[in-house]
**Q** 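Here it is: the structure, laid out below.
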Protein chains: 2
Amino acid sequence: MRDADPVPEHEPGLTIAQVADRTGLTADTLRYYERACLIERVGRSTGNQRRYSAADLVWLEFLLRLRETGMPISGMQRYARLRAEGDATLGERLTLLREHRDDLAARIRRLRDHEDALHDKITHYEGLLSTQPGTDHA
Amino acid sequence: MRDADPVPEHEPGLTIAQVADRTGLTADTLRYYERACLIERVGRSTGNQRRYSAADLVWLEFLLRLRETGMPISGMQRYARLRAEGDATLGERLTLLREHRDDLAARIRRLRDHEDALHDKITHYEGLLSTQPGTDHA
DNA sequence: CCTTGACCTGGAGCGCACTCCAAGTTCTAG
DNA sequence: CTAGAACTTGGAGTGCGCTCCAGGTCAAGG
């Protein structure tokens, strides 16, 4: 009686270079993320080389989303730890996610204000330039 | 016949601590910004202590806007250098500003996509939790 | 006079998120 | 079987943006 194998041998998975290609991360960063426990230990080939499963890829893409929205490594570590603990932590993860989304929404609002202010300044400069278009030495 | 003094003696200006208070930067960061040529050399009191003018404050606030919108120090240095060169560089500064604004707009769009995706994931989690609300050991 | 506290300078140190390296192993094409 | 590319590990190094520190100056209060 075997356990249900999530990554059966007939599905070898992707090498680290292939995953680097698909995610835009470097192989070094992928190894770093594994060391930092952002991803659980990735499966290995018989020769001890990493073989990433489709599930690994999905998780990596989620991590990248967290990263691009400004979550620090430590925050992703907390989330990853909860995830590793299973369904019992769904509520906690939901809380983290909501906090992060609210944070993000606030940041986006601030950025939009800044965008408007930059736009105004640009318009002001354009006005200056059309009146006195540079040191015109013609 | 005196030069038009931009910071006359009867307007002593703000101390570094006061500027730190108003901007949210630390005194150390304000000195660092001056060393990095993000701000031109600030006026000094007779005892060689910094006295910030109103114009310094306006410029600092603009720098903070650039910083909060993701411009690195090196980018702010480029902008500050052009500004120091005077009106002849208005066109160049305008170009930098437009590039930065466009960049920012693109980043905001990406963030909004991420926000939507997070929202969807949150909704999904909420569905899971309402069906099976945690390991209910009642 | 002396103390206290805010300020000055140049330079060292820090936390973050990678990024690179050396030395050794494994995979694959010919 | 062999060459060389790709991979492994632990650990050191990097760039950014501050942040802290030592040792000194200056102004005000008691």
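Order of the sequence lines fixes the chain letters, A, B, ..., with proteins taken first and strands second; residue numbering starts at 1 for each chain.
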**Q** When the nearest nucleotide of DNA chain C is assigned to A:T46 and to A:P72 on a heavy-atom basis, which residue is associated with the more 5' position?
**A** A:P72

**Q** Rounded to whole angstroms, how far apart are CD on B:Q77 and P on D:dC18?
**A**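 Value for this atom pair: 11 Å.
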
**Q** In whole angstrom, what separates A:Y52's OH from D:dC7's P?
**A** 10 Å

**Q** Only one of A:H100, A:R101, A:R107 clears side-chain hydrogen bond (donor to acceptor under 3.5 Å, both in side chains) with A:T69; which?
**A**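 Looking at A:H100, A:R101, A:R107, the match for A:T69 under the side-chain hydrogen bond (donor to acceptor under 3.5 Å, both in side chains) is A:H100.
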
**Q** Just the rounded figure in Å: distance from P of D:dA27 to CZ of B:R51.
**A** 10 Å

**Q** Between B:M71 (CE) and D:dC16 (P), how many Å, whole number?
**A** 15 Å

**Q** Within the 4.0 Å heavy-atom criterion, would you say B:A36 contacts the bases, only the backbone, or no part of the nucleic acid?
**A** nothing

**Q** Please assess B:D120 against B:T123 for the test side chain to side chain donor-acceptor pair (under 3.5 Å), listing each intermediate value before the final yes or no.
**A** CA-CA 5 Å; B:D120 288 351; B:T123 304; 5.2 Å; no

**Q** Whole angstrom is fine here: how far is it from CD1 in B:I16 over to C1' in D:dT19?
**A**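 Rounding to the nearest Å, CD1 of B:I16 and C1' of D:dT19 are 13 Å apart.
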
**Q** Are there over 12 heavy-atom neighbours, none belonging to B:R31, within less than 6.0 Å of that residue's CZ?
**A** yes

**Q** Taking the minimum atom-to-atom distance to the side chain of B:T29, which one of C:dC8, D:dA6, D:dC18 wins?
**A**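 Between C:dC8, D:dA6, D:dC18, the one nearest the side chain of B:T29 would be D:dC18.
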
**Q** Categorize A:T15 for me: base, sugar-phosphate, or nothing, with a 4.0 angstrom heavy-atom threshold over every strand shown.
**A** sugar-phosphate

**Q** May I ask you to say what A:D28 touches in the nucleic acid, namely base, sugar-phosphate or nothing, with a heavy-atom cut-off under 4.0 Å?
**A**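 The answer is base, as A:D28 lies within the cut-off (heavy atoms under 4.0 Å) of a base atom.
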
**Q** If you find the nucleotide of DNA chain D closest to B:G47 and the one closest to A:R31, which residue's nucleotide is nearer the 5' end?
**A** A:R31

**Q** Where each residue is assigned the nucleotide of DNA chain C containing its nearest heavy atom, which of A:Y33 and B:Q18 is assigned the position nearer the 5′ end?
**A** B:Q18

**Q** On a plain distance test, is the side chain of A:R35 in donor-acceptor contact with the base of D:dG11 below 3.5 Å?
**A**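 Such a pair exists between side chain and base.
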
**Q** What is the distance from CZ of A:R44 to C1' of D:dC7, rounded to the nearest Å?
**A** 11 Å

**Q** Round to the nearest Å and state the distance from A:Q49 atom CD to D:dT8 atom C1'.
**A** 7 Å

**Q** A:R50 near the nucleic acid: base, sugar-phosphate alone, or nothing, with a heavy-atom cut-off under 4.0 Å?
**A**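 A:R50: backbone/sugar contact only, no base atoms under 4.0 Å.
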
**Q** With a sphere of 6.0 Å drawn around CD of A:E85, does it hold more than 12 non-hydrogen atoms of other residues, nucleotides or ligands?
**A**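 More than 12 within 6.0 Å, yes.
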
**Q** Before you tell me yes or no, could you show the steps for B:R78 and B:L96 under side chain to side chain contact (heavy atoms under 4.5 Å, CB included), namely the whole-Å CA-CA distance, both residues' side-chain angles and the distance that decides it to 0.1 Å?
**A** CA-CA 9 Å; B:R78 280 180 45 192; B:L96 287 184; 2.9 Å; yes

**Q** Output the rounded distance in Å from OH (A:Y32) to P (D:dG10).
**A** 16 Å

